Amino acid sequence: MITIASAMQQEEIKKLLENYDGGDFTYTFKEKKGIKLAFDVTGDKEEAAKKAKELIKAQPWGGVLFFQAAAV
């Protein structure tokens, strides 16, 4: 499981990760606690967290977004 902590763009982050089709990981939204979004992932969770961070930063709104991606 990974968590993404972000106060903004939560719906966009959920859509982005759940629709990711890179073949190496799949992200399934599990729950929201405060500003943290939890996702079940397939594959290595450390690598999945890194990939999620890359995907978010690649978005037009992601470059200025303050967030954390962590494997748990």
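Counting from 1, the numbers follow the sequence of the chain as shown. All figures in this text were calculated on a predicted structure; none of them were measured in a lab.
Sorted by first then second residue, the ring-ring contact (aromatic ring centres under 6.0 Å, His included) pairs that include residues 28-54, not counting sequence neighbours, are Phe29-Phe39. Within the structure, no pair that satisfies the salt bridge (Lys or Arg N to Asp or Glu O under 4.0 Å) test touches residues 60-72, not counting sequence neighbours. For residues 36-49, the pairs satisfying salt bridge (Lys or Arg N to Asp or Glu O under 4.0 Å) are Glu47-Lys50, with sequence neighbours left out. Residue pairs that meet the side chain to side chain donor-acceptor pair (under 3.5 Å) test with at least one member in residues 17-27, sequence neighbours left out, are Tyr20-Asp24, Thr26-Thr42.
In terms of heavy atoms, Leu37 sits closest to Lys14 at CD1-CG, 4.0 Å. Here the shortest heavy-atom pairing between Ile2 and Ala48 reads CD1-O, 4.3 Å.
Annotation for Lys30: atom NZ does not count as buried by contact number, only 12 or fewer foreign heavy atoms lying within 6.0 Å.
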Mind listing the side-chain donor-acceptor pairs of residues 53-72 below 3.5 Å, one per line with the distance, residues two or more places apart or on another chain?
| from | atom 1 | to | atom 2 | distance (Å) |
| --- | --- | --- | --- | --- |
| Gln59 | NE2 | Leu55 | O | 3.4 |

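Connectivity analysis of hydrophobic side chains (ILVMFWY, heavy atoms under 4.5 Å, direct or indirect) links Ile35 to nothing; its cluster partners are none.
Counting heavy atoms from C-beta outward, Glu31 and Lys33 have side chains that approach closer than 4.5 Å. Using a 4.5 Å heavy-atom threshold, the side chains of Val41 and Leu17 count as separate.
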